Amino acid sequence: MLKGTAPAKINLTLEVLGRREDGYHALASVFHTLSLADEVELAITPTDRSRSLEIVLEVEGFPAPANSRNCVWQAIERFWAATLFKAQVHVRLHKRIPLQAGLGGGSSDAATVLRLLTGWAQAQGMPVPDLQAIAESVGSDVPFFLQGGCAYVSGRGEHVEPLPALPPFWWVLAKPPSVGVPTGWAYQQLHRPPLADSALEAPCTKKLVDALRQGPISTPESLAPYLHNDFEAVVLPAFSELQALAEQMKRLEVLRVLLCGSGATLAGLCHSEAHASRVAHTLQQKGYWSEASCLVGAG
Ligand code: C5P
């Protein structure tokens, strides 16, 4: 049995620059992994049957699809297509990261499975396929999760440049249980011009990347002014439940409320672990999904 953890992510900045010809958008973002994580277990049983790949997927916790709509399934199929190994792959996913939440849970699960499959293939003496290409084909956030930690992410999500990780600053994550934001819809609401007509500037991301390289961010208070997400302008006005949640979080004295990816989770930057736990507890009592979670580095 192979085991791995699949961390959630937060976008400390997220700027959407323009529409590409392939229908995706060019973005500039600083991604950071969080301590909140799904657990992944993989059992690979070699088979000599004529149908060489068999996938069994079990899901516990948040109800992700246990079929080919799950990124994990797609990652296994694409790894198989590149290597043609003969095996039954039995995956058990324990989902602690909510779905359609902007926390990257499905992408992270897929990247973790790709890493576990790679370790297994190496141990079998099999050639290892081009993981970056497989990750890109499964989803825009999957390449980041192959490394995790802190990174400057650009292109459609495929260019990932590692940055020094921040200290384990604490956040409260919270989501109204009935709100999910489809990523494609959120991008459309931005009405970005074609890339050729766009200014390719991402001032908020550049400022944070420079600060991370120079190292002046040593407290959560000094991180707060750098946080930015372009989606806040279109997603928050569309969901009154998110506006109400943001107000509650501000009353609980978080330093900054930040939309996670394209939503629907809101992350509140906290002064300390005790502050984050206290706010999470209060929000849970009001019926929200909520967890305290801190920033974590790679691996
Ligand atoms: O790649 P992924 O499956 O995560 O993307 C979901 C949807 O989000 C895409 O179909 C696309 O509409 C939108 N998207 C985008 N630009 C990106 C990433 C995602 O327009 N860089």
Side-chain angles (χ1 to χ4, degrees), residues 6-34 38 62 64-65 67-79 93 95 97-114 130-148 151-161 179-202 204-205 209 228-235 238-239 259-265:
K9 58 86 178 156
I10 187 165
N11 300 89
L12 300 174
T13 64
L14 179 49
E15 290 170 284
V16 181
L17 309 179
R19 224 170 54 237
R20 303 168 16 144
E21 282 183 357
D22 61 6
Y24 285 87
H25 289 75
L27 54 86
S29 179
V30 174
F31 279 54
H32 208 302
T33 37
L34 290 165
D38 291 342
F62 284 109
N67 54 37
S68 61
R69 287 190 300 126
N70 193 305
C71 292
V72 159
W73 192 290
Q74 293 158 26
I76 297 168
E77 280 193 336
R78 283 169 200 185
F79 192 95
L93 276 185
K95 296 284 308 167
I97 308 172
L99 295 118
Q100 287 208 328
L103 294 167
S107 303
S108 187
D109 296 342
T112 298
V113 163
L114 288 175
D130 180 352
L131 274 195
Q132 171 74 20
I134 296 178
E136 277 175 39
S137 74
V138 175
S140 306
D141 289 346
V142 184
F144 163 73
F145 284 111
L146 289 177
Q147 308 297 326
Y152 167 54
V153 175
S154 60
R156 187 196 126 197
E158 74 277 25
H159 300 307
V160 180
E161 206 177 300
V179 179
V181 180
T183 312
W185 171 87
Y187 273 99
Q188 279 167 18
Q189 301 314 299
L190 291 169
H191 298 296
R192 287 291 188 264
L195 202 51
D197 305 333
S198 312
L200 285 180
E201 281 161 17
C204 301
T205 302
V209 169
H228 175 87
N229 184 343
D230 276 354
F231 284 109
E232 286 177 354
V234 291
V235 173
F239 295 92
L259 183 72
C260 294
S262 57
T265 303

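Below, all heavy atoms of this structure are taken into account, side chains as well, without hydrogens, waters or symmetry copies. The chain is numbered in sequence order, starting from 1. Atoms within each ligand, like the ligands themselves, are counted from 1 in listed order. In this text, all values refer to a predicted model and were calculated from it rather than measured experimentally.
Distance from atom 9 (C) of ligand 1 to its nearest protein heavy atom, with residue and atom name: Y24 CE2, 3.7 Å. In terms of protein heavy-atom proximity, atom 3 (O) of ligand 1 is nearest to G139 CA, 4.4 Å. The nearest heavy-atom contact from the protein to atom 13 (C) of ligand 1 is Y187 CD1, 3.5 Å.
Among R19, R20, H25, the one residue that satisfies the side-chain hydrogen bond (donor to acceptor under 3.5 Å, both in side chains) test with D22 is R20.
Side chain of Q74 to main chain of S68: a donor-acceptor pair is present (N/O by atom type, distance under 3.5 Å, no hydrogens or angles). A distance-only check finds no donor-acceptor pair linking the side chain of D141 to the backbone of G104 [under 3.5 Å]. Judged purely by atom type and a 3.5 angstrom limit, E158 has no side-chain atom pairing as donor or acceptor with the backbone of E136. Here the side chain of K9 pairs a donor or acceptor atom with the backbone of G102 at under 3.5 angstrom.
Within the model, atoms CG of L103 and OG1 of T265 stand 4.0 Å from one another, a figure rounded to the nearest 0.5 Å.
The L27 neighbourhood of ligand 1 comprises atoms 21 (N), with distances under 4.0 Å to a heavy atom of that residue. Residue-ligand proximity, S140 to ligand 1, at heavy-atom distances under 4.0 Å covers atoms 1 (O), 2 (P), 4 (O), 18 (C), 19 (C).
Here atom 8 (O) of ligand 1 lies nearest to T183 when heavy atoms of T183, D22, L190, V138 are compared. Looking at G155, G184, S262 and measuring to atom 7 (C) of ligand 1, the nearest heavy atom belongs to G184.
On a distance-only criterion, H25 and ligand 1 share at least one N/O pair closer than 3.5 Å.
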